[in-house]
Chemist: 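Take a look at the following structure, please.
A quick note: this is a predicted structure, and the numbers were derived from the prediction, not measured. We use all heavy atoms of the structure for the numbers below, so side chains are in, but hydrogens, waters and symmetry mates are not. Each chain gets a letter, A, B and so on, in the order its sequence line appears, and its residues count up from 1.
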Number of protein chains: 2
Amino acid sequence: MIEPIKKIFTSFSTELAKEIEVNATIHSYKTGDIIIRTGQYIKNTVLVISGKIKVYREDENGGEFFMYYLQPGQACAISMICATKNEKSQIMAKVVEDVELIMVPLPLMDKWMMQHRSWYEFVIDTYRSRFEEVLEVIDSIAFRAMDERLEFYLKRHADVCGCKELKLSHQEIASELNTSREVISRLLKKMEQRGIVALHRNNIELLK
Amino acid sequence: MIEPIKKIFTSFSTELAKEIEVNATIHSYKTGDIIIRTGQYIKNTVLVISGKIKVYREDENGGEFFMYYLQPGQACAISMICATKNEKSQIMAKVVEDVELIMVPLPLMDKWMMQHRSWYEFVIDTYRSRFEEVLEVIDSIAFRAMDERLEFYLKRHADVCGCKELKLSHQEIASELNTSREVISRLLKKMEQRGIVALHRNNIELLK
DNA sequence: CAAAAACAGTGACAATTGTTACATTGCTAT
DNA sequence: ATAGCAATGTAACAATTGTCACTGTTTTTG
């Protein structure tokens with residue numbers, strides 16, 4: 001178990017990996033499962049071993065705004081932040097590809113900060129990269145119109161899945177950008193005319 | 001000097017306050033000064049003793065999107081995050097009321113995390129509260145139209161200045177919400193008709 | 001296989017936001 | 001006092017986005 005952990009979380013020291021093995025638990029979730037909902041209390045810090053998770057911000061009317069992916073080797077910054085203060089979750093996290101997670105109980109998250117340099121650096125680096133990602137999201141909505149936001153969205157998804165074929169319905173995209181399906185269909189058609197994408201059923205092919 | 005620090009940063013231990021006194025420097029800036037620009041390297045973690053700072057996200061075309069205020073007793077989360085990794089600033093910070101700042105050199109920021117519990121908690125709490133504030137900003141742009149965003153914007157400013165009289169020009173608001181002056185004038189007029197504000201020159205009075 | 005459900009395309013129109021152009025008001029400096 | 005400037009008001013129009021209504025197609029399900 002220690003070796004697999006060190007393989008995915010390459011920066012962890014052996015001592016830290018041991019601590020994780022002894023104290024943390026492994027949980028599995030299936031595609032479509034909701035790991036945490038807005039308003040729930042967070043009891044653990046979450047590290048991703050395998051699979052993919054999408055993190056959303058929700059509004060009162062059921063809107064789901066996509067913020068970022070969590071992938072193997074990454075941790076949920078919000079779970080770290082909230083964990084320390086035993087706060088409610090400000091986000092919703094949905095499994096999009098079966099995942100295995102390491103759940104680190106609250107008090108350890110804190111304790112290890114003082115004891116394990118590699119944990120401390122991992123946590124700080126998680127904060128930094130998530131903060132930067134969130135700032136980029138702000139850019140995309142604050143400074144750009146829907147057509148550019150859509151391109152940004154598609155590129156991020158292509159980066160994460162590592163392929164050019166996005167298995168997304170127009171409705172799904174519309175929800176995650178908080179607009180309507182018709183708007184997405186319209187903009188995708190224009191992108192197709194510009195030769196940026198090819199449209200198939202449940203499948204958007206990025207050409208550039 | 002130790003006493004003033006402890007008065008503003010109430011959670012700091014005496015030892016920490018001493019360390020700050022010995023190692024950190026105090027800087028003053030005038031209203032209108034830009035403390036840090038996007039792309040500059042951050043060399044210090046910034047703590048605010050007095051005055052007010054506005055933090056912005058910039059785009060390539062000179063747009064300035066307002067994110068949050070920094071006030072006495074607070075620290076710039078981005079300066080902490082970037083400091084650790086010696087990264088470039090992702091934000092721009094402008095003085096809106098003459099400030100005195102404590103500048104903590106990079107290496108100390110890191111070192112104190114291990115040595116001073118009260119510093120560790122302050123840093124984590126800064127991350128948490130800024131992250132939450134940024135998430136609220138995302139809400140406002142992702143889920144709300146310009147009229148609601150304007151109300152949200154005005155309320156935040158009123159909270160910070162602690163008064164109902166906002167000394168802001170329509171142009172200033174428009175820039176910070178990344179829209180045009182005409183749109184803001186139009187929406188403010190509607191708000192005035194609804195009895196939410198009273199409009200004066202360079203002065204918006206919140207009635208509710 | 002037939003019916004239902006999910007997905008996509010599209011036209012028409014409404015609402016919001018962005019842009020242009022110009023008028024008006026009140027403050028400031030000489 | 002008045003010229004000049006910043007701030008504001010506003011009308012008219014363009015562009016984008018949101019909504020409604022309806023179509024056809026593909027997939028799923030009983």
Chemist: Examine the base of D:dT8 for any acceptor or donor lying under 3.5 Å from a partner atom in the side chain of B:Arg201, and report the outcome as yes or no.
Modeler: no

Chemist: What are the residues of residues 163-178 of chain B, sorted by number, that bring a heavy atom to within less than 4.0 Å of DNA chain D?
Modeler: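 The stretch gives B:Ser169, B:His170 as the residues lying under 4.0 Å from the strand, ordered by number.
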
Chemist: For A:Glu133 and A:Arg156: C-alpha separation, side-chain torsions, deciding distance, then whether salt bridge (charged side-chain N to carboxylate O under 4.0 Å, His left out) applies.
Modeler: CA-CA 11 Å; A:Glu133 191 146 7; A:Arg156 289 173 84 196; 3.2 Å; yes

Chemist: Spell out yes or no: do the side chain of A:Arg181 and the base of D:dG18 have one donor N/O and one acceptor N/O closer than 3.5 Å?
Modeler: no

Chemist: C:dC7, OP1 or OP2 - any side-chain N/O from A:Ser185 closer than 4.0 Å?
Modeler: no

Chemist: Just say parallel, tilted or perpendicular for the rings of B:Phe66 and B:His157, cut-offs at 30° and 60°.
Modeler: tilted

Chemist: Between D:dT10 and B:Lys189, is there an OP1 or OP2 to side-chain N/O distance shorter than 4.0 Å?
Modeler: no

Chemist: With B:Arg201, which residues qualify under side-chain contact (heavy atoms from CB on, under 4.5 Å), at least two apart?
Modeler: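 In terms of side-chain contact (heavy atoms from CB on, under 4.5 Å), with neighbours along the sequence ignored, B:Arg201 is linked to no residue.
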
Chemist: Relative to the ring of A:His116, is the ring of A:Trp112 parallel (under 30°), tilted (30 to 60°) or perpendicular (over 60°)?
Modeler: perpendicular

Chemist: Mapping A:Glu182 and A:Asp147 onto DNA chain D by nearest heavy atom, which one lands closer to the 5' end?
Modeler: A:Asp147

Chemist: With distance as the sole criterion, do the side chain of B:Arg186 and the base of C:dG18 form a donor-acceptor contact below 3.5 Å?
Modeler: yes

Chemist: A:Phe131 ring centre to B:Arg130 NZ or CZ under 6.0 Å, with the angle to the axis within 45°?
Modeler: no

Chemist: For B:Lys88, I'd like to know if atom NZ has over 12 heavy atoms of other residues, nucleotides or ligands within 6.0 Å.
Modeler: no

